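Just so we're clear, the structure is a prediction, and the values are computed from it rather than from any experiment.
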Amino acid sequence: MINITLPDGSVKQVTKGNTALDIARQISEGFARNVLAAKVNGKVVNATQPIEQDAELQLLTWNDQEGKATLWHSSAHLMAEAIELLYPSVKFGIGPNIENGFYYDIDFGDYDISEKDFPKIEKKILELAREKQQFVRKEVSKADALAYFKQKGDEYKLELIEDLEDGEITFYESGHFTDLCRGPHIPNTGFIKAVKLMKVAGAYWRGDESRKQLTRIYGITFPKNKELTEYLELLEEAKKRDHRVLGKELELFTFSQNVGLGLPLWLPKGAQLRELLEQYLKKVQKAAGYQPVITPHIGNVNLYKTSGHYQKYGEESFKTIKTPVEGEEFFLKPMNCPHHCEIYKSSPHSYKELPIRYAEFGTVYRYEQSGELHGLTRVRGFTQDDAHIFCTPDQIKTEFNSVIDIIEKIFTALDFNDVIIQISLRDADHLEKYIGSDENWEKAEKAITEVAKERHLNTITKYGEAAFYGPKMDFIVRDAIGRKWQLGTIQVDYNLPERFDLAYVGADNEKHRPVMIHRAPFGSMERFVAVLIEHCAGNFPLWLTPTQAIILPISEKYTAYAKKVLNLLTNLDVRAEIDDRNEKTGRKIRDAEMKKIPYMLIVGEKEEDSEAVSVRKHKEGDTGVMSIEAFAEKVNNEVNDLMNIN
RNA sequence: GCCAGCAUAGCUCAGUUGGCCAGAGCAGCUGAUUUGUAAUCAGCCGGUCGGGGGUUCGAAUCCCUCUGCUGGCUCCA
């Protein structure tokens with residue numbers, strides 16, 4: 001007998017060699033039917049694997065993320081089996097589970113697979129699922145593994161096996177399909193009850209642009225049909241939040257082929273919203289000791305040769321601008337930092353002045369690959385809420401902390417609570433990608449990790465994600481359909497001060513090198529507004545919404561009074577407009593509701609007589625009559641409450 | 001840049017196996033109505049069916065090509 005400790009702390013005595021599934025059956029038959037995998041001593045394994053000694057055991061079902069992951073991983077195998085039966089000449093790359101479902105990278109040879117093939121494949125998958133095929137684990141030697149895929153003619157698997165150690169290679173066999181796989185898997189394919197193939201996409205083999213492109217098929221499966229329906233409904237809902245859809249509906253921004261790809265045009269309402277965000281940040285920054293600076297959109301190409309940006313990105317950027325002077329070239333600025341370095345250099349600095357914080361809403365231009373452009377989140381011309389802090393090495397931590405304060409303040413004010421904080425460090429295997437001395441890199445990386453630790457930030461660390469000049473801390477937020485976008489960023493940089501030969505005179509009367517911190521709490525105004533739109537589904541907080549109130553006169557008889565109300569509200573700092581169309585009140589209300597305007601002010605005979613407005617709140621309805629001044633005060637109080645979050 | 005799909009009026013979409021002057025709703029304009037908490041009625045305007053080339057007696061529909069958009073891949077200072 002062995003002792004099995006369950007998550008609730010209870011200990012169960014079972015016969016040695018029992019599987020997790022056996023133990024589940026002892027708890028209840030019904031429960032056992034939902035067990036997809038098991039976690040033994042913290043490691044996810046097959047539920048069918050015998051347990052040979054005392055262990056902690058967690059039975060994983062669809063309610064556990066790891067249970068879902070196991071089902072989806074097995075689903076990738078099942079899809080591969082279905083595809084191999086339908087298209088026998090295919091070769092397989094890799095087929096992992098992902099956040100929502102799974103994919104398999106497949107070489108279809110000459111066959112052009114498209115979404116038209118999906119129904120056929122889905123049908124086959126369900127057919128095979130109903131066979132309740134067992135997933136059988138097999139340990140194989142490297143030689144046997146290579147021999148198997150050699151006779152099968154699958155060069156991708158061969159390449160994967162080459163990188164593996166003999167003795168650690170396992171195959172999984174289910175039905176007619178055998179795959180190189182570490183596992184674990186669900187007990188049998190019968191758990192898969194609903195399947196939806198989502199999309200086909202090209203994907204380079206091993207993520208390498210220079211290698212062959214395979215066809216990636218994304219899919220998702222569920223243990224119940226109802227769950228699939230719910231998932232698809234969720235996706236439909238998310239689509240309505242898409243900032244490209246709302247941006248059009250709410251008249252915030254547009255694009256024009258005549259202007260160019262990835263070059264957004266801000267409409268009056270969008271510009272209004274963006275200006276309010278900028279004003280808010282300017283206020284916060286002023287209080288934090290930032291000084292505004294302004295620099296031009298272009299700079300001499302030599303400036304970017306000094307900074308290193310030209311060598312790194314010049315070839316894949318907008319080409320330089322030539323002038324009538326032979327040999328003179330200008331570069332559209334891709335970054336504001338070189339300009340700010342020159343501002344720093346315009347006068348000598350004492351340690352007493354530091355830190356110096358230059359802030360600028362600087363518009364930059366980057367030639368992003370055409371396939372990468374996406375609404376406002378990935379564009380070719382955008383405005384960074386940029387600032388560069390020049391400080392002594394001793395001041396890094398304090399400054400870094402005060403930047404995090406600003407970012408947290410903004411994210412709180414806008415109710416962004418699902419934020420991933422990522423620390424991006426160098427990739428130790430490719431140090432040639434980075435500029436600057438090892439010593440400086442280590443200092444900078446240490447500063448960031450220490451601050452994160454001291455503040456108890458919930459961070460993830462990614463190696464190889466650093467900028468080429470320094471490590472960074474990024475604040476990442478999800479959009480409506482779960483895609484992740486980097487918003488705020490803080491980067492420590494020892495390199496530009498070196499390249500620009502920046503200096504300050506220390507207390508010892510010697511010259512010292514300052515450290516630079518690049519930081520942008522919003523990241524880019526374009527991307528931030530995009531994510532904001534999706535975050536609040538177009539229902540902007542009162543302090544940001546372009547139109548706070550719309551005045552709806554009952555009939556044309558009351559237009560004069562409506563105008564009077566508008567004047568008063570405007571003078572009292574309320575952003576209002578009038579709907580004086582010759583329409584019925586119900587209609588005007590409906591339109592205002594759809595435009596997501598927070599307050600509707602209905603005015604007719606009653607209101608005109610008493611110098612009042614009837615207040616209807618968006619999504620809530622009639623809230624009663626109040627005087628114009630009282631309404632303005634209410635709005636202003638609400639705005640101040642929202643903006644003064646500490 | 002690569003793979004796949006899509007492109008019909010300002011917007012959302014119909015348009016059968018190629019076949020009468022290409023349709024609807026919304027928006028816009030004009031008129032009637034003078035409206036009280038989510039759509040008043042009527043009329044009008046609006047499209048070289050993304051651009052170019054081809055097949056055909058005949059193309060929105062089939063083929064080629066370019067451009068743009070969408071979803072991925074790669075990239076993201």
Student: Measure from CZ on A:R211 to C1' on B:C75 and round the result to the nearest Å.
Tutor: 19 Å
Student: Mind checking if A:K212 touches a base, just sugar-phosphate, or nothing, with heavy atoms under 4.0 Å?
Tutor: nothing
Student: What is the distance, to the nearest angstrom, from the OH atom on A:Y111 to the P atom on B:C3?
Tutor: 18 Å
Student: Measure from CG on A:D107 to P on B:C2 and round the result to the nearest Å.
Tutor: 19 Å
Student: Should the heavy atoms of other residues, nucleotides or ligands under 6.0 Å from CG of A:D110 be counted, would the total exceed 12?
Tutor: no
Student: Within the 4.0 Å heavy-atom criterion, would you say A:E249 contacts the bases, only the backbone, or no part of the nucleic acid?
Tutor: nothing
Student: Identify the nucleotide, in any strand shown, that forms a Watson-Crick or G-U wobble pair with B:G19, with both distances under 3.5 Å; if there is none, say none.
Tutor: B:C57
Student: Would you please classify the geometry between the A:Y434 ring and the A:W441 ring as parallel, tilted or perpendicular, with 30° and 60° separating the classes?
Tutor: perpendicular
Student: Once side chain to side chain donor-acceptor pair (under 3.5 Å) is applied, do any residues pair with A:E556, and if so which ones, sequence neighbours excluded?
Tutor: none
Student: For A:E251, answer base if it contacts any base atom (sugar-phosphate contacts may also be present), sugar-phosphate if it contacts only those atoms, and nothing otherwise; contact means non-hydrogen atoms under 4.0 Å.
Tutor: nothing
Student: Check every strand shown and say whether A:S307 touches a base, only sugar-phosphate, or nothing at a heavy-atom separation below 4.0 Å.
Tutor: nothing
Student: Rounding to an integer number of Å, can you tell me how far A:W205 CH2 sits from B:C73 P?
Tutor: 16 Å
Student: Counting side-chain heavy atoms from CB outward, which of B:A38, B:G5, B:A77 is closest to A:R616?
Tutor: B:A38
Student: Can you tell me how far P of B:A77 sits from CD of A:E316, to the nearest Å?
Tutor: 11 Å
Student: Only pairs with both distances under 3.5 Å count, Watson-Crick or wobble alike; so what is the partner of B:C2 in this structure?
Tutor: B:G72
Student: If you measure from the C1' atom in B:U61 to the same atom in B:A22, how many Å do you get, rounded?
Tutor: 12 Å
Student: When you check the side-chain N and O atoms of A:Y87 and A:D117, is any donor under 3.5 Å from an acceptor?
Tutor: yes
Student: Should the ring pair A:F528 and A:F522 be called parallel, tilted or perpendicular, given that the plane angle runs from 0 to 90° and is split at 30 and 60?
Tutor: tilted
Student: Does the side chain of A:K606 pick up a donor-acceptor pair with the side chain of A:S614 at under 3.5 Å?
Tutor: no
Student: Say we look at B:A27 and B:A39: how far apart would their C1' atoms be, to the nearest angstrom?
Tutor: 13 Å
Student: Rounded to whole angstrom, note down the P distance from B:C76 over to B:U16.
Tutor: 46 Å
Student: When every nucleotide of nucleotides 61-72 of chain B is labelled 5' to 3' by its protein contacts under 4.0 Å (heavy atoms), B for base, S for sugar-phosphate only, - for none, what sequence of letters results?
Tutor: ------SS-SBB
Student: Closest nucleotide of RNA chain B for A:R527 versus for A:I602: which of these residues is on the 5' side?
Tutor: A:I602
Student: For A:R590 and B:U40, give me the distance from atom CZ to atom C1', rounded to whole Å.
Tutor: 14 Å
Student: Salt-bridged, A:K472 to A:D474, with N to O below 4.0 Å?
Tutor: yes
Student: Pick the nucleotide of RNA chain B nearest each of A:Q384 and A:I589; which residue has the one closer to the 5' end?
Tutor: A:I589
Student: Please determine whether a side-chain nitrogen of the Lys or Arg among A:R478 and A:E99 lies less than 4.0 Å from a carboxylate oxygen of the Asp or Glu.
Tutor: yes
Student: From the set B:A77, B:G36, B:C11, return the single nucleotide nearest to any side-chain atom of A:T585.
Tutor: B:G36
Student: If you check every side-chain atom of A:R587, which of B:C75, B:G5, B:A27 has the closest atom?
Tutor: B:A27
Student: When the P atoms of B:G50 and B:U12 are considered, how many whole Å apart are they?
Tutor: 14 Å
Student: If you check the A:S317 side chain, which of B:A77, B:U40, B:A4 turns out closest?
Tutor: B:A77
Student: Look at all strands and tell whether A:G621 reaches a base, only sugar-phosphate, or nothing, counting heavy atoms closer than 4.0 Å.
Tutor: nothing
Student: P atom, B:A59 versus B:C21: distance in rounded Å?
Tutor: 12 Å
Student: Check every atom of B:U40, B:C75, B:U34 against the side chain of A:E368 and return the nucleotide holding the closest atom.
Tutor: B:C75
Student: Could you encode protein contacts along nucleotides 46-51 of chain B as a string, one character per nucleotide from 5' to 3', using B for base contact, S for sugar-phosphate-only contact and - for no contact, with a heavy-atom cut-off of under 4.0 Å?
Tutor: ------
Student: With a 4.0 Å cut-off on heavy atoms, is A:E583 in touch with a base, just the backbone sugar-phosphate, or nothing at all?
Tutor: base
Student: Within the structure, does a side-chain N or O atom of A:K584 lie under 4.0 Å from either OP1 or OP2 of B:C41?
Tutor: no
Student: Rounded to the nearest 0.5 Å, how far does NZ of A:K319 lie from CD of A:E316?
Tutor: 9.0 Å
Student: How many Å lie between CG on A:D105 and C1' on B:C2, as a whole number?
Tutor: 14 Å
Student: Hey, does the side chain of A:K248 come within less than 4.0 Å of B:U12's phosphate (OP1/OP2), counting only N and O?
Tutor: yes
Student: Identify which nucleotide among B:G36, B:U37, B:A77 has an atom closest to any side-chain atom of A:Y313, counting heavy atoms from C-beta outward.
Tutor: B:A77
Student: Strictly below 4.0 Å, N to O, side chains only: are A:E155 and A:K212 in salt-bridge contact?
Tutor: no
Student: Which value, in whole Å, describes the distance between the C1' atoms of nucleotides B:G54 and B:G47?
Tutor: 24 Å
Student: Both distances under 3.5 Å, Watson-Crick or G-U wobble: report the partner of B:A42, or none.
Tutor: B:U30
Student: B:C20 and B:A60: how far apart are their C1' atoms, nearest whole angstrom?
Tutor: 16 Å
Student: Regarding A:R380 and the six-membered ring of A:Y367, is the cationic atom NZ or CZ under 6.0 Å from the ring centre and inside 45° of its axis?
Tutor: yes
Student: Report the distance from atom CD1 of A:I217 to atom C1' of B:C73, rounded to the nearest whole Å.
Tutor: 15 Å
Student: Using Watson-Crick or G-U wobble geometry with both distances under 3.5 Å, which nucleotide pairs with B:G47?
Tutor: none
Student: Quote, to the nearest angstrom, the P distance that separates B:U8 from B:U48.
Tutor: 13 Å
Student: If you look at every strand shown and take non-hydrogen atoms under 4.0 Å, does A:D112 touch a base, only sugar-phosphate, or nothing?
Tutor: sugar-phosphate
Student: Side-chain donor-acceptor pair under 3.5 Å between A:N100 and A:Y231, yes or no?
Tutor: no
Student: Determine the sole option in A:F330, A:F331, A:Y310, A:F500 for which the ring-ring contact (aromatic ring centres under 6.0 Å, His included) test with A:Y304 is passed.
Tutor: A:F331
